[in-house]
Trainee: 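After the structure tokens below, expect a handful of questions from me.
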Amino acid sequence: MKICMIGAGYVGLVSGSCFADLGNFVWCVDKDKQKIDMLNNNQIPIFEPGLKDLINKNYSSGRLKFTTNLNLAVKNSDIIFICVGTPTSNKKGSADLRYVYNVVAELSLYINKFKIIVTKSTVPVTTGDKIEKIILKKRRKKLFEVVSNPEFLREGEAIRDFRFPDRIVIGANSKIATKKLKSLYDPLIKKGAIFFSTNRRGAELIKYASNAFLATKISFMNEISNLCEKTGVNVEDVSIGIGLDKRIGSRFLRVGPAYGGSCFPKDTKALTFTGTLFKTDLSIIKSVIKSNEKRRIFLTERVKKILSNKIKNKKVTFLGVTFKPNTDDMRQSSSLLMIPYLHERGAKINYYDPSGEKKEFSRLKNVFFCNDINEACEKVDLVIIHTEWDEFKSLDFKKLYRKRKFKIYDMRNLYSPRDMKKQGFSYHSIGRQN
Ligand code: UGA
């Protein structure tokens, strides 16, 4: 099939190269000339394992093309995916749909034959209706269908998630559109992905409800971990114990810092805003947002306690600063609150992250990026394991301890408190007896 992805960001690039890999002809369009030039010169603007090879392979086969020319891409495609960002727009937390509507207004000028226009961007329920109206204003004849096909890709695992999805959700108000989208996904359906079709508004809401539900699961366990600490219960036993109930499921019950990233914080806020718009009180999601915000502060206070309330002149190391491993994304990472907090109170911070130095900390005088774990942990008072990158999972603390003994705060529960104690380390983790 002939496809156009509008927006060569995370969603557009991953989905576009995966569609090309399934044998389709894909145009990836972006207004950002620099980005398109990079892509045409074999450079990848985002960090995602496996993406470079996938793009190279499909670019050389001629199935994947990059352009700034929307007219060319739309005219030569049957299915057009809108993959632009929908960031948080204001204090109330609504989704900023400016980029989506701008794209729609422009692409409507180029509809030369029947097109299926699909929102892959996360858009609030009823956005598809508005898109339809915008296009109809420019083109009286309904030579198009607007469909919702939300993405469920996790950063760092996006290619795997595309190839082996739990489900593919299509929200369409016409049978022709559903059939066409189903045939596009046919290779994945044949490999076992479940295809679920509903109406357009239904698919739009499924995306927000999924992210809000996952955020709720995480926050729920994070709060339970606070109770575990007070009652001498191991939170991992509770996660396993409840996760074995198939009605609950075992995934997304890992405790840690506040959830972050570009999706959960933004989408939970946008969903409560939609609730307000439709006069529906989504009180559970509101309290999840509050609980997550409190958690950032709660864990920072914990660091203070581990340092016996003496932060000034203490040397603290962060292992990992991104919101999760296998990404260079810093958006809504709890390190963005923790590092400035400790820095303001006189701590000296070293940090090491496999995805490299971060511009977010470059202005902080006493925050230093280190090139490796050894350098980062030399002569420090406290090491905080903030992000669960693989290379932090089997550290040789004895070796790291040689120059100075430090305390360890494992915010991802990567080690066993019993083993750590046996080896004489001062070890703190989350929701467990340390
Ligand atoms: C999330 C969803 O998982 C995807 O399905 C969705 O497509 C995506 O948002 C999106 O809307 O685009 P992502 O933000 O990439 O994906 O990352 P997740 O793996 O879901 O992690 C989000 C946050 O939750 C991270 O801070 C992570 O550390 C935290 N988390 C996750 C936990 O604290 N515990 C868990 O058990 C799982």
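Excluded from the calculations below are hydrogen atoms, water molecules and symmetry mates; all remaining heavy atoms, backbone and side chain alike, are included. Just so you know, ligand 1 is whichever comes first in the structure, and atom 1 is the first atom listed for that ligand.
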Trainee: Cation-pi check for Y351 against K358: NZ or CZ below 6.0 Å from the six-membered ring centre and within 45 degrees of the axis, yes or no?
Mentor: no

Trainee: Going by the atom numbers of ligand 1, which of them fall below 4.0 Å from some non-hydrogen atom of Y259?
Mentor: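 Answer, ordered by atom number: 23 (C), 24 (O), 26 (O).
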
Trainee: Can G260 be said to touch ligand 1, with heavy atoms closer than 4.0 Å?
Mentor: yes

Trainee: Between F397 and F406, how do the two ring planes meet: parallel, tilted or perpendicular, split at 30° and 60°?
Mentor: perpendicular

Trainee: Please determine whether any non-hydrogen atom of G261 lies less than 4.0 Å from an atom of ligand 1.
Mentor: no

Trainee: Rounded to the nearest 0.5 Å, what separates atom CD1 in I44 from atom CG in L51?
Mentor: 5.5 Å

Trainee: Could you check atom 10 (C) of ligand 1 against the protein and tell me its nearest heavy-atom contact, residue, atom and distance included?
Mentor: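 The closest one turns out to be C263 SG, 2.9 Å.
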
Trainee: Is it the case that R345 places NZ or CZ above or below the six-membered ring of Y341, under 6.0 angstrom from the centre and within 45 degrees of the axis?
Mentor: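 The answer is yes; both the distance and angle limits are met.
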
Trainee: Can you check which of D161, T327, I218, N222 brings a heavy atom nearest to atom 29 (C) of ligand 1?
Mentor: I218

Trainee: Give the numbers and elements of all ligand 1 atoms closer than 4.0 Å to a heavy atom of R412.
Mentor: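 In order of numbering, the contacting atoms are 28 (O).
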
Trainee: Check each atom of ligand 1 against the heavy atoms of N211 and keep those under 4.0 Å away; list them by number with element.
Mentor: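 Checking each atom against N211, I get 2 (C), 6 (C), 9 (O), 10 (C), 11 (O).
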
Trainee: What protein heavy atom lies closest to atom 5 (O) of ligand 1? Include the residue and the distance to one decimal.
Mentor: F152 O, 3.3 Å

Trainee: Checking a contact table here: which protein heavy atom is nearest atom 18 (P) of ligand 1, and how many Å away?
Mentor: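 I find the closest protein heavy atom is K324 NZ, 3.6 Å.
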
Trainee: How close does the nearest protein non-hydrogen atom get to atom 27 (C) of ligand 1, and which residue and atom is it?
Mentor: F323 O, 4.3 Å

Trainee: Does the structure place the NZ or CZ of R167 under 6.0 Å from the centre of the six-membered ring of F152, at an angle of no more than 45° from the ring's axis?
Mentor: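 The answer is yes; both the distance and angle limits are met.
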
Trainee: Starting from atom 6 (C) of ligand 1, locate the nearest protein heavy atom and write down its residue, its atom name and how far away it is, to 0.1 Å.
Mentor: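 Nearest neighbour among protein heavy atoms for atom 6 (C) of ligand 1, to 0.1 Å: L153 O, 3.5 Å.
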
Trainee: Decide, yes or no, whether a salt bridge links R154 with D161 under the criterion of side-chain N to carboxylate O below 4.0 Å.
Mentor: yes

Trainee: So which heavy atom in the protein is nearest atom 15 (O) of ligand 1, and how far is it from that ligand atom?
Mentor: E155 N, 2.7 Å

Trainee: The test is side chain to side chain contact (heavy atoms under 4.5 Å, CB included); show your working for C28 and L64 and say whether it passes.
Mentor: CA-CA 7 Å; C28 273; L64 182 62; 4.2 Å; yes

Trainee: Given R201, which partner from the list D129, T127, T126 fulfils the side chain to side chain donor-acceptor pair (under 3.5 Å) test?
Mentor: D129

Trainee: Can you pull out the closest protein heavy atom to atom 12 (O) of ligand 1? Residue, atom name and distance to 0.1 Å, please.
Mentor: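 Going by distance alone, atom 12 (O) of ligand 1 is nearest to E151 OE2, 2.7 Å.
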
Trainee: Output yes when a side-chain donor or acceptor of D353 lies under 3.5 Å from a complementary backbone atom of T322, and no otherwise.
Mentor: yes

Trainee: Could you tell me the residue and atom name of the protein heavy atom closest to atom 3 (O) of ligand 1, and the distance to it rounded to 0.1 Å?
Mentor: R154 CG, 3.3 Å

Trainee: Rounded to the nearest 0.5 Å, how far does CZ of F361 lie from CZ of F318?
Mentor: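 Reported to 0.5 Å precision, the distance equals 7.5 Å.
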
Trainee: Any nitrogen or oxygen of E388, main chain or side chain, under 3.5 Å from a nitrogen or oxygen of ligand 1?
Mentor: no

Trainee: Could you work out, for atom 11 (O) of ligand 1, the closest of K207, K266, K120 by heavy-atom distance?
Mentor: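 Answer by nearest heavy atom: K207.
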
